[in-house]
Engineer: 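The structure follows.
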Amino acid sequence: MALDSQSVSLTFPDGNARSFDAGVTPAQVAADISTSLAKKAISATVDGQHWDLQWPINADAQIAIHTMKDEVQANELIRHDLAHIMARAVQEIWPDTKVTIGPVIENGWYYDFDRAEPFTPEDLGLIEKKMKEIINKRDAVTTEVWDRQRAIDFYTANDEPYKVELIDAIPGDEPLRMYWHGDWQDLCRGPHLQHTGQVPGDAFKLMSIAGAYWRGDSSRQMLQRIYGVAFTGKEKLKAHLHMLEEAAKRDHRKLGREMNLFHMQEEAPGQVFWHPNGWTVYTELQDYMRRKQRAAGYKEVNTPQVVDRKLWEASGHWDKYQEHMFIVEVDEEHAREKSINALKPMNCPCHVQVFNQGLKSYRELPLRMAEFGSCSRYEPSGALHGIMRVRGFTQDDGHIFCTEDQIEAECAAFLDYLSSVYKDLGFEKFEIMFATRPEKRVGSEESWDHVESALEKAIKATGHSYTLDPGEGAFYGPKLDFKLTDAIGREWQCGTFQVDPNLPERLGATYIGEDGAKHRPYMLHRACLGSFERFIGILIENHAGKLPFWLAPRQVVVASITSDADDYVNEVVETLKAAGVRAEADIRNEKINYKVREHSVGKVPVILAVGHREVEERTVTVRRLGEKQTQVQSLEAVTNELSQAATPPDLL
RNA sequence: GCUGCUGUAGCUCAGAGGUAGAGCACUCCCUUGGUAAGGGAGAGGUCGAGAGUUCGAUUCUCUCCAGCAGCACCA
């Protein structure tokens, strides 16, 4: 606090402090430093808070003045103001449109509108044009703090019902800031640029139109959302658009077709028809996982697909997830009613059944049970996405039955297991989220307190850093979620580690303790890949189809240059196959250019070309995917090298 | 599930109220070649399904199915 209430002391990033009159604005501070800074200033950070140039500062504070060179703040202001400019453009073109909210998001912003007519892709061009006009007007931005009733009356009079509802939702002690540029008005807490002309008119683009529920609530009005992206300069916009093109090239649905991995069709929406190439990847990955989990002390089991509703009622899933289960009704002879079964949407209740067979001793704990569990879930049609979100999938599922004391060691062991798998599969980096009790949950508060702290203690003991994710736990218990980062920076949640005190209780799992009495085990649900389908999708996109050699479905094509080489080509293929390499011959009557192109497009990692020279010298010419350079090697050397490359990382 | 868009040859896409098109892929022929498409010929379609309007619908309208984008959902 300043001693004199008339002045405040502002400390700059270099550590120097200066005194100003209380109520000084960052604009004035910047002007006081230099006229050039006054011109370039766009906002400030005051005690860690992003601050509008026109907002008064009434207490001592740390201050930093921002210019367009401060990427983070500049992007925030540009995207934010573009949201307002877009909303104005839309209301100028279609005055009946009601405005709602328009926040800044990664790379841009969106704004939700209520308008009877749907927007069309052509409308985006119109809106962009209008936005550029608004930017060129260089309308000054002004804001005022209003009291609640005045703002509510204002929006009621202007027939903007969504704004009235927004105000009602803002906590009573927060000031309401009204925003204008030109005659156009919005409700917004800011901060903002000083006039619309500060927005770079050539560095934004409207991307798409989509529906979105008012306030994210599926029981409420569907609005129309327009997405835009914006940056501080047009080169950055270009780079972003280029990145999107690159991402589209990696789309697993496209690559899956081009590499002949799988297909999907109308008769089985959300389910995968694996082709030989794709199934090779799948089984190679599954064989790897089977070896890894065996080494980590898991016992593999396999449980039924079709299970009577009685078990799902007992587990609680019937109540909670009936809508999302595939139901199988069977007319049984002599039975009074049809038997009603569900395809298993998960493996845990079945695993408890395996656990429950025979009496278990504390000596058997921790009991690690694993299954490549084939599950079916009737996912909402709109959720389906290639092989990433499907209705039929296989989890690398596992359940650890253990005592509370064992949670910590199991957590540590799982983390080791998971890191080594991710590393082998080409993902060096992953993030850990600690998700705590959600709103809808079962179990007492005391039990949640207890289990959450046990899990937090376990993750802390491993020394890994983690991020708290409040309210995102499973309905039965807290969990750790593992998010890996792919080659183009996208995050994918794959692994999970969940503590469940609930299901053993519901399904009556017990073990005999040291004391001779029955005790309730904890159940840890855990998965590393999540599902094979989704993980393979991620692998394809991460590697842009160029899978690591050991996972590549077609590893080597031996291509003849002249048909005189055919016999030798076949010999090379047989030699490679005997050495454990997936090799095939291409002795078609085509030119080598044609063969090279076709197999490059098909993402075959190694092409061995064979002509007269190679036949005579018993060599091959090696061409690796993505490299123009070729290399002549003896058949023996190549066989050794490729045989090594074809060996899964855990067997090296 | 909701909003919007889309559905034509194996793939990518053009087309129009009146006998359905291209490129690539496929089959055959010629070509035997040196690292990302050699030449020629041929075959290939219930225009997603059903109903309606019309003399006539693949085209217009409606319903359904599937896909795409986003939202909601994700045990």
Side-chain angles (χ1 to χ4, degrees), chain A residues 110 112 117-121 207-227 251 253-254 257-258 260 263-270 312 315-325 344-349 375 377-386 388-390 393 395 438 440 442 472-477 479 493 496 498 500 502-503 525 530-531 534 559-566 587-602 607-614 621-632:
Chain A
Y110 65 77
D112 288 348
E117 286 289 298
F119 292 114
T120 67
M207 302 298 286
S208 59
I209 311 151
Y213 296 110
W214 170 231
R215 315 204 70 180
D217 183 341
S218 60
S219 67
R220 305 201 62 178
Q221 174 98 5
M222 176 64 72
L223 305 169
Q224 298 189 67
R225 175 173 297 179
I226 301 180
Y227 284 92
D251 191 314
R253 293 165 297 188
K254 181 175 173 301
R257 205 169 31 240
E258 287 172 3
N260 196 9
H263 85 272
M264 303 176 90
Q265 64 185 51
E266 268 192 41
E267 288 80 357
W312 307 115
S315 69
H317 291 100
W318 191 261
D319 241 17
K320 243 178 131 42
Y321 293 107
Q322 197 187 142
E323 300 302 54
H324 299 286
M325 295 206 267
K344 72 172 165 187
M346 53 179 4
N347 309 296
C348 17
C375 298
R377 295 181 185 174
Y378 189 77
E379 300 284 7
S381 58
L384 303 177
H385 179 86
M388 299 265 210
R389 185 84 183 266
V390 284
F393 56 95
Q395 295 176 319
K440 282 189 197 161
V442 297
E472 292 301 312
F475 72 91
Y476 47 73
K479 59 178 181 171
Q493 199 240 293
T496 189
Q498 317 179 350
D500 184 359
N502 175 56
L503 199 61
H525 306 250
S531 90
R534 180 158 177 275
S560 58
I561 295 171
T562 88
S563 42
D564 294 338
D566 289 358
I587 53 173
R588 291 175 303 169
N589 175 14
E590 294 292 351
K591 292 198 169 175
I592 191 66
N593 288 331
Y594 183 92
K595 296 182 183 181
V596 165
R597 179 186 147 77
E598 185 174 287
H599 300 125
S600 298
V601 168
I607 298 170
L608 302 181
V610 170
H612 286 124
R613 277 206 305 277
E614 289 81 1
T621 298
V622 185
R623 188 188 206 278
R624 288 177 189 276
L625 182 58
E627 291 175 17
K628 278 221 143 54
Q629 205 75 12
T630 60
Q631 195 192 354
V632 180

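Numbers restart at 1 for each chain; the letters A, B, ... are given by sequence-line order, proteins then strands.
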Engineer: Which whole number of Å gives the distance between the C1' atom of B:G67 and that of B:A49?
Structural biologist: 15 Å
Engineer: Are the side chains of A:Cys348 and A:His525 in contact, using a 4.5 Å heavy-atom criterion?
Structural biologist: yes
Engineer: Would you call A:Arg220 and A:Arg215 a side-chain contact if the rule is heavy atoms closer than 4.5 Å?
Structural biologist: yes
Engineer: Just wondering, do A:Ser531 and A:Arg534 contact through their side chains at under 4.5 Å, heavy atoms?
Structural biologist: yes
Engineer: Taking the same atom, P, in B:C11 and in B:G4, what whole-Å distance lies between them?
Structural biologist: 28 Å
Engineer: For the side chain of A:Arg588, starting at C-beta, report the closest nucleotide among B:C26, B:A36, B:G34.
Structural biologist: B:C26
Engineer: With sugar-phosphate meaning primed atoms plus P, OP1 and OP2, does A:Arg257 contact a base, only sugar-phosphate, or nothing at under 4.0 Å between heavy atoms?
Structural biologist: sugar-phosphate
Engineer: Should the heavy atoms of other residues, nucleotides or ligands under 6.0 Å from CD of A:Glu627 be counted, would the total exceed 12?
Structural biologist: yes
Engineer: May I ask you to say what A:His599 touches in the nucleic acid, namely base, sugar-phosphate or nothing, with a heavy-atom cut-off under 4.0 Å?
Structural biologist: nothing
Engineer: Could you measure between the two P atoms, the one in B:G50 and the one in B:G15, and give it in whole Å?
Structural biologist: 25 Å
Engineer: Could you measure between the two P atoms, the one in B:G44 and the one in B:U27, and give it in whole Å?
Structural biologist: 15 Å
Engineer: Suppose you measure atom C1' in B:U6 against the same atom in B:C13; what distance do you get, rounded to whole Å?
Structural biologist: 13 Å
Engineer: What string of B, S and - do you get for nucleotides 1-10 of chain B 5' to 3' if you count protein non-hydrogen atoms under 4.0 Å?
Structural biologist: BBBS--B---
Engineer: Indicate whether A:Tyr594 forms a stack on B:G38; treat it as stacked only if centroid distance is below 5.5 angstrom and interplanar angle below 30 degrees.
Structural biologist: no
Engineer: Once hydrogens and angles are ignored, does a donor-acceptor distance under 3.5 Å link the base of B:C74 to the side chain of A:Arg377?
Structural biologist: no
Engineer: Considering every strand and a 4.0 Å limit on heavy-atom distances, what is the contact class for A:Gly316: base, sugar-phosphate, or nothing?
Structural biologist: nothing
Engineer: Does any donor atom in the side chain of A:Gln265 or A:His263 lie under 3.5 Å from an acceptor atom in the other side chain?
Structural biologist: yes
Engineer: Between A:Arg377 (side chain only) and A:Pro345 (backbone N and O only), is there a donor and an acceptor less than 3.5 Å apart?
Structural biologist: yes
Engineer: Given pairs defined as Watson-Crick or G-U wobble with both distances under 3.5 Å, what dot-bracket annotation applies to RNA chain B, with ( ) intrastrand, [ ] crossing, | other strand and . unpaired?
Structural biologist: (((((((..((((....[..)))).(((((.......))))).....(((((..]....))))))))))))....
Engineer: Does any N or O in the side chain of A:Lys344 come within less than 3.5 Å of the main-chain N or O of A:Pro349, such that one atom is a donor and the other an acceptor?
Structural biologist: no
Engineer: Please state the C1' separation for the pair B:U53 and B:G10 - nearest whole angstrom.
Structural biologist: 35 Å
Engineer: Is it the case that A:Gln631 and A:Thr621 place a side-chain donor and acceptor less than 3.5 Å from each other?
Structural biologist: no
Engineer: Taking the nucleotide of RNA chain B with the nearest heavy atom to each, does A:Asp217 or A:Phe475 sit closer to the 5' end?
Structural biologist: A:Asp217
Engineer: Does A:Arg253 have a side-chain nitrogen or oxygen under 4.0 Å from the phosphate oxygens OP1 or OP2 of B:C68?
Structural biologist: yes
Engineer: Taking any heavy-atom pair under 4.0 Å as a contact, classify A:His324: base, sugar-phosphate, or nothing.
Structural biologist: base
Engineer: Give one of base, sugar-phosphate or nothing for A:Thr120, where a contact means two heavy atoms less than 4.0 Å apart.
Structural biologist: nothing
Engineer: Verify whether one side chain among A:Tyr227 and A:Arg225 offers a donor that lies under 3.5 Å from an acceptor in the other.
Structural biologist: yes
Engineer: I'd like to know if the side chain of A:Asp112 pairs up with that of A:Gln224 as donor and acceptor (distance under 3.5 Å, no hydrogens or angles considered).
Structural biologist: no
Engineer: Within the modelled atom types, does a donor on one side and an acceptor on the other bring the side chain of A:Thr630 and the base of B:U35 under 3.5 Å apart?
Structural biologist: no
Engineer: Suppose you measure atom P in B:A22 against the same atom in B:G40; what distance do you get, rounded to whole Å?
Structural biologist: 15 Å
Engineer: From the list B:G67, B:A36, B:A75, which nucleotide is the closest neighbour of the side chain of A:Lys479?
Structural biologist: B:A75
Engineer: Just to be sure I understand the rule, does A:Lys320 reach a base, reach only the sugar-phosphate, or reach nothing, if contact means heavy atoms closer than 4.0 Å?
Structural biologist: nothing
Engineer: OP1 or OP2 of B:C71 sitting under 4.0 Å from any side-chain N/O of A:Tyr227?
Structural biologist: yes
Engineer: Is the phosphate of B:A72, meaning OP1 or OP2, less than 4.0 Å from a side-chain N or O of A:Arg225?
Structural biologist: no
Engineer: Classify the nucleic acid contact of A:Pro269 as base, sugar-phosphate or nothing, counting any heavy atom under 4.0 Å across all strands shown.
Structural biologist: sugar-phosphate
Engineer: Under 3.5 Å, is there a donor-acceptor pair between the side chain of A:Lys479 and the main chain of A:Thr496?
Structural biologist: no
Engineer: If you take atom types as modelled and just measure distance, does the side chain of A:Arg220 reach the base of B:C71 with a donor-acceptor pair under 3.5 Å?
Structural biologist: no
Engineer: Looking across every strand, which nucleic acid part, if any, lies under 4.0 Å from A:Lys628 by heavy atom: base, sugar-phosphate, or nothing?
Structural biologist: sugar-phosphate
Engineer: Which whole number of Å gives the distance between the C1' atom of B:G7 and that of B:U59?
Structural biologist: 14 Å
